[in-house]
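No experiment lies behind these values; they were computed from the predicted model shown.
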Amino acid sequence: MQKNTSPCYYGDYLQLDKILTAQAPESAKYAAEAHDETLFIIVHQVYELWFKQILHELAAVQQVFAAEQVKDEQLTGIVHKLKRVITIQRHLNQQIAVMETMTPQDFMSFRDYLVPASGFQSIQFKMLEIGLGLKSEFRIDFDKNQFYSRLNEKDRLFLQQLEHAPSLFERLEQWLERMPFLEFADFSFWQMYRQATDTMLANDKTTVQSIEQISVAERELQLAEIARTEDQFRALLDADQYQQLQQQGSFRLSQKALLSALFINLYQEEPMFNLPYQLLTCLTDIDEQLTIWRYKHAMMVQRMLGTKIGTGGSSGHDYLKRTTEKNRIYTDLFNMATFLLPKHALPVLPPTIKRQLGFYFAGQV
């Protein structure tokens with residue numbers, strides 16, 4: 001049933017008069033308008049519109065996690081919103097192909113009119129990175145020094161204030177730390193987990209030592225890798241060792257949060273962990289799509305600029321390549337596979353705990 005009291009007209013609703021007249025090529029101010037500058041503007045405007053939608057979805061997710069308790073039924077909406085973000089990101093990554101229909105010479109026809117404008121100045125993209133958890137302290141050194149230098153005072157102050165607000169990473173860490181399944185009454189899960197991992201790694205050693213077709217150097221290399229994995233497993237369950245590795249940058253999540261995330265991954269098929277597992281997977285996917293976006297952007301810039309510097313003063317392709325490798329957020333979730341066990345080697349959960357992790361309906365006798 002109609003609820004509006006005045007007619008709604010398509011063009012007015014979408015404010016197309018503003019959107020379709022918002023393309024003003026700089027080249028036209030100085031010479032003949034460069035044909036491909038309109039494409040360049042529209043692609044970036046579309047990026048910014050999608051960034052706005054992503055921020056809209058993440059704000060709703062943040063609002064739920066800001067509460068002292070996150071109800072199970074709320075996780076359904078959170079996962080749905082995060083999956084929407086991932087779908088948008090995939091679309092954005094494909095959109096780079098549209099930009100690549102422009103040749104380097106087409107870009108050169110208007111590029112020098114844009115100095116010193118740069119993608120550095122995309123406030124929404126910076127809001128996205130900060131909101132997800134990529135704050136200044138976790139950026140590459142160039143970013144730490146240059147992150148705010150190319151912004152006007154208003155934008156700089158806004159983002160600096162945003163740095164002090166809890167990010168989604170921090171909210172996730174707090175939520176994981178509240179998980180009630182790290183301590184069980186008479187069931188020593190982590191002791192059994194340690195025994196299972198010791199057995200798994202001992203079997204790996206035996207396998208490597210029994211292979212005759214590899215050289216001594218290769219065998220030593222594989223055994224050294226197993227030894228490093230053993231150190232990580234030991235640190236995972238030792239507070240002092242974990243803290244030391246955390247200070248070195250090997251881990252970012254707190255030990256308690258990482259153990260909760262690991263437990264969710266190990267027993268992801270338990271009904272209670274289905275949605276938490278999907279949530280962790282979504283955050284991994286979002287980080288992966290951001291990495292893909294940076295990589296594709298870096299490759300596009302190399303095609304367009306070669307080794308030239310960017311209009312914002314960065315080293316162009318080299319800078320973007322470094323951000324692809326280093327500006328990651330949820331690496332702890334990516335590295336979770338290090339600590340997983342095969343399903344057949346998982347400690348068997350007692351019936352009382354299985355009952356807590358499942359859904360049971362009591363029928364009348």
Which pair of non-hydrogen atoms, one from [X] and one from [Y], has the smallest distance, and what is that distance?
{"X": "Glu170", "Y": "Ala165", "result": "OE2-O, 3.9 Å"}
{"X": "Leu132", "Y": "Tyr330", "result": "O-OH, 2.9 Å"}
{"X": "Tyr242", "Y": "Leu253", "result": "OH-O, 2.6 Å"}
{"X": "Pro342", "Y": "Met200", "result": "CD-SD, 4.0 Å"}
{"X": "Leu134", "Y": "Arg328", "result": "CD1-O, 4.1 Å"}
{"X": "Gln15", "Y": "Lys18", "result": "OE1-NZ, 2.9 Å"}

Please report the C-alpha distance between Ser27 and Glu33 in whole Å, then the side-chain angles of each, then the deciding distance to 0.1 Å, and finally whether the side chain to side chain donor-acceptor pair (under 3.5 Å) criterion is met. CA-CA 5 Å; Ser27 59; Glu33 179 183 322; 6.0 Å; no
Hey, are [X] and [Y] close enough for a salt bridge, meaning a charged N less than 4.0 Å from a carboxylate O?
{"X": "Arg234", "Y": "Asp231", "answer": "yes"}
{"X": "Glu129", "Y": "Lys126", "answer": "no"}
{"X": "Glu57", "Y": "Lys52", "answer": "no"}
{"X": "Lys343", "Y": "Glu269", "answer": "yes"}
{"X": "Arg111", "Y": "Glu26", "answer": "no"}

What distance do [X] atom [atom1] and [Y] atom [atom2] have between them, rounded to the nearest 0.5 Å?
{"X": "Asp332", "Y": "Leu262", "atom1": "CG", "atom2": "CG", "answer": "11.5 Å"}
{"X": "Ile329", "Y": "Leu172", "atom1": "CD1", "atom2": "CG", "answer": "11.5 Å"}
{"X": "Arg84", "Y": "Ile86", "atom1": "CZ", "atom2": "CD1", "answer": "12.5 Å"}
{"X": "Cys282", "Y": "Leu82", "atom1": "SG", "atom2": "CG", "answer": "5.0 Å"}
{"X": "Asp36", "Y": "Phe107", "atom1": "CG", "atom2": "CZ", "answer": "10.5 Å"}
{"X": "Gln302", "Y": "His297", "atom1": "CD", "atom2": "NE2", "answer": "12.5 Å"}

Describe, in one word, how the ring planes of Phe263 and Phe273 are oriented to each other, choosing from parallel (under 30°), tilted (30 to 60°) and perpendicular (over 60°).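 Answer is perpendicular, since the angle exceeds 60°.
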Should the ring pair His44 and Phe40 be called parallel, tilted or perpendicular, given that the plane angle runs from 0 to 90° and is split at 30 and 60? tilted
Side-chain heavy atoms of [X] within contact of [Y], under 4.5 Å:
{"X": "Met336", "Y": "Leu333", "answer": "yes"}
{"X": "Ile88", "Y": "Leu92", "answer": "yes"}
{"X": "Phe65", "Y": "Leu168", "answer": "yes"}
{"X": "Leu157", "Y": "Gln160", "answer": "yes"}
{"X": "Thr291", "Y": "Asp287", "answer": "yes"}
{"X": "Leu16", "Y": "Tyr10", "answer": "yes"}
{"X": "Ile54", "Y": "Gln124", "answer": "no"}
{"X": "Asn152", "Y": "Arg156", "answer": "no"}

Can Phe120 and Phe125 be said to form a ring-ring contact (aromatic ring centres under 6.0 Å, His included), step by step? CA-CA 9 Å; Phe120 276 124; Phe125 188 72; over 10 Å; no
[X] and [Y]: side-chain donor and acceptor closer than 3.5 Å?
{"X": "Asp106", "Y": "Thr103", "answer": "yes"}
{"X": "Glu163", "Y": "Ser136", "answer": "yes"}
{"X": "Ser254", "Y": "Glu177", "answer": "yes"}
{"X": "Gln209", "Y": "Thr206", "answer": "no"}
{"X": "Gln23", "Y": "Thr38", "answer": "no"}
{"X": "Asn93", "Y": "Gln289", "answer": "yes"}

Please check: side-chain N/O of [X] versus main-chain N/O of [Y], any donor-acceptor pairing under 3.5 Å?
{"X": "Gln45", "Y": "Ala22", "value": "yes"}
{"X": "Gln255", "Y": "Leu236", "value": "yes"}
{"X": "Arg171", "Y": "Val64", "value": "no"}
{"X": "Ser250", "Y": "Gln246", "value": "no"}
{"X": "Asn335", "Y": "Thr331", "value": "yes"}
{"X": "Arg219", "Y": "Ser210", "value": "no"}
{"X": "Gln53", "Y": "Val85", "value": "no"}
{"X": "Thr101", "Y": "Ala97", "value": "no"}

side-chain contact (heavy atoms from CB on, under 4.5 Å) for Tyr193 and Leu237? Distances and angles first, verdict last. CA-CA 10 Å; Tyr193 172 79; Leu237 301 177; 4.1 Å; yes
Given the rule in the side-chain contact (heavy atoms from CB on, under 4.5 Å) test, do Phe339 and Leu266 qualify, once you have shown the distances and angles that lead to the verdict? CA-CA 9 Å; Phe339 306 109; Leu266 288 170; over 6 Å; no
Check the surroundings of atom [atom1] in [X]: do more than 12 heavy atoms from other residues, nucleotides or ligands lie under 6.0 Å from it?
{"X": "Gln248", "atom1": "CD", "result": "yes"}
{"X": "Arg252", "atom1": "CZ", "result": "yes"}
{"X": "Glu153", "atom1": "CD", "result": "no"}

State which residue, out of His80, Lys83, Gln268, fulfils the side-chain hydrogen bond (donor to acceptor under 3.5 Å, both in side chains) condition with Gln278. Lys83
Check whether NZ of the Lys or CZ of the Arg Arg194 lies under 6.0 Å from the centre of the six-membered ring of Phe233 and within 45 degrees of that ring's axis. no
Would Ile264 and Leu176 count as a side-chain contact (heavy atoms from CB on, under 4.5 Å) here? Give the steps. CA-CA 10 Å; Ile264 290 170; Leu176 287 170; 3.9 Å; yes
May I ask you to check whether Trp50 and Tyr47 place their ring centers less than 6.0 Å from one another? no
Step by step, work out the side chain to side chain donor-acceptor pair (under 3.5 Å) result for Thr338 and Gln232. CA-CA 9 Å; Thr338 304; Gln232 286 186 303; 4.8 Å; no
One pair to check against side-chain contact (heavy atoms from CB on, under 4.5 Å): Glu100 and Gln95. What are the steps and the verdict? CA-CA 9 Å; Glu100 289 178 333; Gln95 187 173 298; over 6 Å; no
The single option from Val46, Leu39, Ile42 that satisfies side chain to side chain contact (heavy atoms under 4.5 Å, CB included) with Val98 is Leu39
